[in-house]
Enquirer: 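The structure follows.
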Amino acid sequence: MILYHGSSAEIAAPDIIHSREEVDFGLGFYTAPDFEQAVKWCGKFRLKGSGGAVSVYEFDWSAIQRYRTLQFGGYSEEWLDFVAGCRLGKDSSEYDIVTGPAAGDGVFNVLELYTNGYIDRVEAVSRLKFEKPNFQMAIRSQKVLDNELHFLRSVRI
């Protein structure tokens with residue numbers, strides 16, 4: 001499987017140390033199977049004038065069976081609670097890999113309403129059914145990064 005990572009620069013040797021904690025699936029190196037999604041992740045760097053790069057990797061999908069993996073097939077109450085907890089810095093799980101929908105623009109608004117107590121779980125998930133999910137994979141273990149994610153090339157954006 002080909003995965004992409006959008007950033008300000010090529011990342012040939014990803015690591016967990018440079019990851020942010022309070023994001024969708026917690027501390028990890030985020031990838032997506034969609035090149036255009038990775039290009040969007042470069043957007044904030046391009047706005048700052050530093051440009052961007054999409055790094056391209058090979059990942060053996062069967063590897064997820066060898067690691068502690070959490071997979072979300074779509075938006076659900078479980079996904080909502082997990083993402084809300086991670087974004088609030090309350091993730092204590094020990095997953096090596098987490099896959100599922102990314103919290104894009106419209107989803108982010110629903111998450112904000114939910115985490116601030118303006119809507120409940122049922123209402124939040126009801127609103128999410130109108131959003132098209134973008135798949136992402138957060139690799140949260142340096143062992144997985146070192147052994148399973150193989151850098152191929154990068155593309156300047």
Side-chain angles (χ1 to χ4, degrees), residues 1-48 50-108 110-111 125 128-157:
M1 163 182 251
I2 299 296
L3 294 173
Y4 304 96
H5 174 83
S7 185
S8 61
E10 172 182 287
I11 301 178
D15 61 56
I16 299 298
I17 296 168
H18 293 96
S19 301
R20 294 180 300 141
E21 288 186 50
E22 296 175 357
V23 290
D24 291 359
F25 297 151
L27 185 68
F29 186 74
Y30 284 73
T31 62
D34 179 27
F35 179 81
E36 292 304 319
Q37 184 175 342
V39 169
K40 287 180 185 176
W41 288 344
C42 293
K44 64 183 173 186
F45 304 109
R46 294 173 66 202
L47 287 174
K48 293 178 182 177
S50 64
V54 174
S55 297
V56 183
Y57 306 91
E58 177 69 37
F59 181 82
D60 179 5
W61 184 253
S62 68
I64 66 168
Q65 297 171 6
R66 296 190 296 274
Y67 299 98
R68 296 169 294 189
T69 303
L70 176 61
Q71 294 179 276
F72 295 103
Y75 299 122
S76 64
E77 290 184 12
E78 293 78 17
W79 175 90
L80 180 69
D81 287 339
F82 188 81
V83 171
C86 288
R87 285 185 164 265
L88 293 171
K90 297 178 180 178
D91 176 36
S92 61
S93 66
E94 296 184 8
Y95 294 107
D96 298 309
I97 300 168
V98 179
T99 68
D105 297 335
V107 175
F108 183 75
V110 173
L111 269 170
V125 172
L128 291 174
K129 70 181 176 186
F130 298 106
E131 300 293 331
K132 179 182 179 246
N134 288 317
F135 179 85
Q136 65 183 348
M137 174 187 287
I139 300 174
R140 300 166 25 131
S141 157
Q142 191 63 46
K143 181 178 178 181
V144 175
L145 288 173
D146 293 343
N147 296 331
E148 310 298 343
L149 193 68
H150 306 288
F151 179 76
L152 299 175
R153 66 187 174 282
S154 68
V155 178
R156 288 298 298 165
I157 303 300

Enquirer: Where the side chain of W79 meets the backbone of P101, is there a donor-acceptor pair that is under 3.5 Å apart?
Expert: yes

Enquirer: Indicate yes or no: at least one non-hydrogen side-chain atom of H18 is less than 4.5 angstrom from one of I11.
Expert: no

Enquirer: Any pair with a residue in residues 25-35 that passes side-chain hydrogen bond (donor to acceptor under 3.5 Å, both in side chains), sequence neighbours left out, goes on the list, sorted by first then second residue, please.
Expert: none

Enquirer: How many angstroms lie between atom CG of D81 and atom OG of S76, to the nearest 0.5 angstrom?
Expert: 8.5 Å

Enquirer: Evaluate whether atom CZ of R153 has more than 12 neighbouring non-hydrogen atoms of other residues, nucleotides or ligands under 6.0 angstrom away.
Expert: no

Enquirer: Tell me whether S62 contacts the main-chain N or O of D60 through its side chain, where contact means a donor paired with an acceptor under 3.5 Å.
Expert: no

Enquirer: Nearest 0.5 Å, please: how far is CG in L152 from NE2 in H150?
Expert: 9.0 Å

Enquirer: Do F29 and L3 make a side-chain contact, defined as non-hydrogen atoms from C-beta onward lying under 4.5 Å apart?
Expert: no

Enquirer: What are the two closest non-hydrogen atoms of G28 and S19, and how far apart are they?
Expert: O-OG, 2.9 Å

Enquirer: So how far is it from S141 OG to R68 CZ, rounded to the nearest 0.5 Å?
Expert: 7.0 Å

Enquirer: Test side-chain contact (heavy atoms from CB on, under 4.5 Å) on V83 and V107; report intermediate values, then the result.
Expert: CA-CA 11 Å; V83 171; V107 175; over 6 Å; no

Enquirer: Taking F25's backbone N and O only, do any of them form a donor-acceptor pair with R140's side chain (distance below 3.5 Å, no angle check)?
Expert: yes

Enquirer: Which heavy atom of F72 sits nearest to which heavy atom of F82, and what is that distance?
Expert: CZ-CB, 3.7 Å

Enquirer: How far apart are the closest heavy atoms of C86 and D24, and which atoms are they?
Expert: CB-O, 3.3 Å

Enquirer: Could you tell me whether a side-chain N or O of D91 sits under 3.5 Å from a main-chain N or O of G85, the two making a donor and an acceptor?
Expert: no

Enquirer: Q136 and A102: which non-hydrogen atoms are nearest, and at how many Å?
Expert: NE2-CA, 3.3 Å

Enquirer: Which value, rounded to the nearest 0.5 Å, describes the distance between H5 atom NE2 and C42 atom SG?
Expert: 8.0 Å

Enquirer: Could you tell me if the side chain of L111 sits less than 4.5 Å from the side chain of L80, heavy atoms only?
Expert: yes

Enquirer: Hey, does the side chain of E21 reach the backbone of R87 with a donor-acceptor pair shorter than 3.5 angstrom?
Expert: no

Enquirer: What closest approach, in Å, do A9 and R156 show between heavy atoms, and which atom pair accounts for it?
Expert: CA-NH1, 3.9 Å

Enquirer: What residues form a ring-ring contact (aromatic ring centres under 6.0 Å, His included) with F151, not counting sequence neighbours?
Expert: Y57

Enquirer: Give a yes or no on whether the backbone of M1 and the side-chain of E58 come within a donor-acceptor separation of less than 3.5 Å.
Expert: yes

Enquirer: Distance from R20 atom CZ to L27 atom CG, nearest 0.5 Å?
Expert: 10.5 Å

Enquirer: Before giving the answer on side-chain contact (heavy atoms from CB on, under 4.5 Å), spell out for T99 and F135 the whole-Å C-alpha distance, their side-chain angles and the decisive distance to 0.1 Å.
Expert: CA-CA 7 Å; T99 68; F135 179 85; 3.6 Å; yes

Enquirer: Might you work through the side-chain contact (heavy atoms from CB on, under 4.5 Å) test for I97 and E148, ending with a clear yes or no?
Expert: CA-CA 11 Å; I97 300 168; E148 310 298 343; over 6 Å; no

Enquirer: Distance check, rounded to the nearest 0.5 Å: I16 atom CD1 versus I139 atom CD1?
Expert: 8.0 Å

Enquirer: Given side chains that start at C-beta, do those of V144 and L149 come closer than 4.5 Å, heavy atoms only?
Expert: no

